[in-house]
Amino acid sequence: MIRSTVVSLVIALFVASAGCSAYPAPPVNLPRALPSTTVGPGDVFEVHVMGEPNLPKDYRVNPDGTIDFPYVARLMVANVEPQDIASLIRRKLQEAKILNDPQVSVSVKQYNSKKVAIIGQVIKPGIIPYTESLRLVDALSQAGWFTPLSASNHVLLTRLTKDGGSITVEVSVDAITDGKRPDIPLQAGDTIKVPERVF
């Protein structure tokens, strides 16, 4: 009786350890996701000038990175932070002697210039818009999730680095959805590749 109990415990421990080792090792060299809040071509932002309700509010960044703002003509805003765009508009309105001390705020409505690519064994491969809160599971959900042929335990995530290179790591989405590992924040420009499962 004791022997059978010991054998059962050994088998249970073996099964448990096998289950834990079913996930590939977590990535250790993936650079931390960098926030990306500068605007680019195609992005849409709202400008609010206090006390000036008649000024247009919504602006889409032109392909050349500019916007046309009333009274101050064309402004280059590509790769500029929203708060710096507000400062630029304020300064230009003062220089043109339109307003003495304008209070300007800028908020981005759509980041169309920042994308995340999802390729391979997902229902809807393609490009999705990047948002600051976007994570790996969220992105895969937007792509319709995995196909029956996907290797969801071996998803490849490629991230651009500061020096212009890139790093590719293997991620177990199974471990994330099973609650064994945290979800991974994404960065603008990331590429997610879901390979086909090897039978």
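All values below were derived from every heavy atom in this structure, side-chain atoms included, with hydrogens, water molecules and symmetry-related copies excluded.
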> When you measure from the side chain of Glu46 to the backbone of Asp58, do you find a donor-acceptor pair of N or O atoms at a distance under 3.5 Å?
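No, because the side chain of Glu46 does not come within donor-acceptor range (under 3.5 Å) of the backbone of Asp58.
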> Please give me the minimum heavy-atom distance between Ala33 and Pro185, naming the atom from each residue.
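It is CB-O, 3.7 Å.
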> Within the side chain of Asp178, is there an N or O that forms a donor-acceptor pair under 3.5 Å with the backbone of Lys180?
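No, the answer is negative, given that no donor and acceptor are paired below the 3.5 Å cut-off.
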> Is any side-chain heavy atom of Asn153 closer than 4.5 Å to a side-chain heavy atom of Val173?
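Not in contact.
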> Group every Ile, Leu, Val, Met, Phe, Trp and Tyr by side-chain heavy-atom contacts under 4.5 Å, then state whether Val116 and Ile167 land in the same group.
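Yes, Val116 connects to Ile167 through the hydrophobic network.
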> What I'd like to find out is whether the side chain of Arg32 reaches to under 4.5 Å of the side chain of Gln187, using heavy atoms alone.
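With C-beta onward as the side chain, the pair stays apart.
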> When rounded to the nearest 0.5 angstrom, what distance separates NE2 in His154 from CD in Glu196?
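If I round to the nearest 0.5 Å, the distance is 13.5 Å.
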> With sequence neighbours left out, which residue pairs that include part of residues 27-64 fulfil the ring-ring contact (aromatic ring centres under 6.0 Å, His included) condition?
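Pairs touching residues 27-64 that pass the test: Tyr59-Phe69.
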> Does Thr66 use its side chain to pair, donor to acceptor, with the backbone of Asn62 at less than 3.5 Å?
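It does not hold such a pair.
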> How far apart are the closest heavy atoms of Val194 and Ser150, and which atoms are they?
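What the structure gives for the nearest pair is CG1-CB, 3.6 Å.
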> Between the side chains of Thr158 and Thr191, does any donor sit under 3.5 Å from an acceptor?
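Thr191 and Thr158 do not have a side-chain donor-acceptor pair below 3.5 Å.
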> Are Tyr23 and Ile176 linked, directly or through other ILVMFWY residues, by side chains that come within less than 4.5 angstrom of each other?
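No, no single cluster joins them.
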> Do Ile85 and Val39 have side-chain heavy atoms sitting under 4.5 Å apart?
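Yes; the side chains approach each other to less than 4.5 Å.
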> Could you state the interatomic distance from CD1 (Ile89) to CG (Leu99), rounded to the nearest 0.5 Å?
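Result: 12.0 Å between the selected atoms.
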> Tell me whether Leu75 shares a hydrophobic cluster with Val104, the cluster being built from Ile, Leu, Val, Met, Phe, Trp, Tyr side chains joined at under 4.5 Å.
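Linked within one cluster.
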> Are Leu88 and Val49 linked, directly or through other ILVMFWY residues, by side chains that come within less than 4.5 angstrom of each other?
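Looking at the clustering, Val49 is in the same group as Leu88.
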> Please find the pair of heavy atoms, one from Gly144 and one from Ile123, that lie closest to each other, and give the distance.
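Minimum heavy-atom contact is O-CG1, 3.1 Å.
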> For the residue pair Arg181 and Ser172, establish whether any side-chain heavy-atom pair is separated by less than 4.5 Å.
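In short, these two side chains touch, coming nearer than 4.5 Å.
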> Nearest 0.5 angstrom please: Asp84 CG to Asn79 CG, how far?
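So the CG of Asp84 and the CG of Asn79 are separated by 12.0 Å.
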> Leu140 and Phe146: side-chain contact (heavy atoms from CB on, under 4.5 Å), yes or no, with the steps?
CA-CA 8 Å; Leu140 290 166; Phe146 300 113; 3.7 Å; yes
> Output yes when a side-chain donor or acceptor of Arg159 lies under 3.5 Å from a complementary backbone atom of Ala188, and no otherwise.
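No; zero donor-acceptor contacts below 3.5 Å.
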> Is there a donor-acceptor pair under 3.5 Å between the side chain of Lys114 and the backbone N or O of Glu132?
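Not at all, since once roles are kept as given, no pair shorter than 3.5 Å links the two residues.
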> Side-chain contact test, heavy atoms from C-beta onward, threshold under 4.5 Å: evaluate it for Leu186 versus Ile192 and give yes or no.
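The answer is yes; the side chains approach within 4.5 Å.
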> Taking the side chain as everything from C-beta on, heavy atoms only, tell me whether Thr161 gets closer than 4.5 Å to Ser166.
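When only atoms from C-beta onward are counted, Ser166 and Thr161 do not touch, as no gap falls below 4.5 Å.
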> Just by distance, with hydrogens left out, do Thr37 and Glu81 show a side-chain donor and acceptor under 3.5 Å apart?
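Result is yes, a qualifying pair exists.
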> Please check this pair: side chain of Glu170 against backbone of Leu156, looking for a donor-acceptor N/O pair closer than 3.5 Å.
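No; judged by distance alone, with no hydrogens or angles, the pair does not exist.
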> Mind checking whether Tyr71 and Leu55 have side chains closer than 4.5 Å, heavy atoms only?
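They are in contact (side-chain heavy atoms under 4.5 Å apart), so the answer is yes.
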> Return the OG to OH distance between Ser36 and Tyr111, rounded to the nearest 0.5 Å.
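Between atom OG of Ser36 and atom OH of Tyr111 there are 7.0 Å.
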> I'd like to check Thr168 versus Leu157 (side-chain heavy atoms, cut-off strictly below 4.5 Å). Are they in contact?
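Answer no - side chains too far apart.
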> Do other residues, nucleotides or ligands put more than 12 heavy atoms under 6.0 Å from Lys115 NZ?
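Correct, the count exceeds 12.
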> If hydrophobic clusters are built from ILVMFWY residues whose side chains come within less than 4.5 Å, do Ile128 and Leu160 share one?
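Shared cluster, no.
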> For residues Ala96 and Val72, report the shortest heavy-atom separation together with the two atoms involved.
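Heavy-atom minimum between the residues: CB-CG1, 4.4 Å.
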> Is it true that Arg74 and Asp64 make a salt bridge, defined as a side-chain N closer than 4.0 Å to a carboxylate O?
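Judged by the 4.0 Å cut-off on N to carboxylate O distance, Arg74 and Asp64 do form a salt bridge.
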> Checking Arg90 side chain against Pro102 main chain: does a donor-acceptor pair fall under 3.5 Å?
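Yes, the answer is positive, given that a donor and an acceptor are paired below the 3.5 Å cut-off.
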> About how many Å separate CH2 of Trp145 and CD of Gln121, when rounded to the nearest 0.5 Å?
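Output value for this atom pair is 14.5 Å.
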> I need the minimum non-hydrogen distance between Pro195 and Val155, along with the two atoms involved.
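It is CD-CA, 4.2 Å.
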> Hey, does the side chain of Asp43 reach the backbone of Asn112 with a donor-acceptor pair shorter than 3.5 angstrom?
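Flag set: sc Asp43 to bb Asn112 pair under 3.5 Å.
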> For the atom pair NZ (Lys124) and OG (Ser141), what is the distance rounded to the nearest 0.5 Å?
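So the NZ of Lys124 and the OG of Ser141 are separated by 10.0 Å.
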> Can you name the nearest heavy-atom pair linking Gln103 to Asp101, along with the distance?
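Looking at all heavy atoms of both residues, the shortest contact is NE2-O, 3.3 Å.
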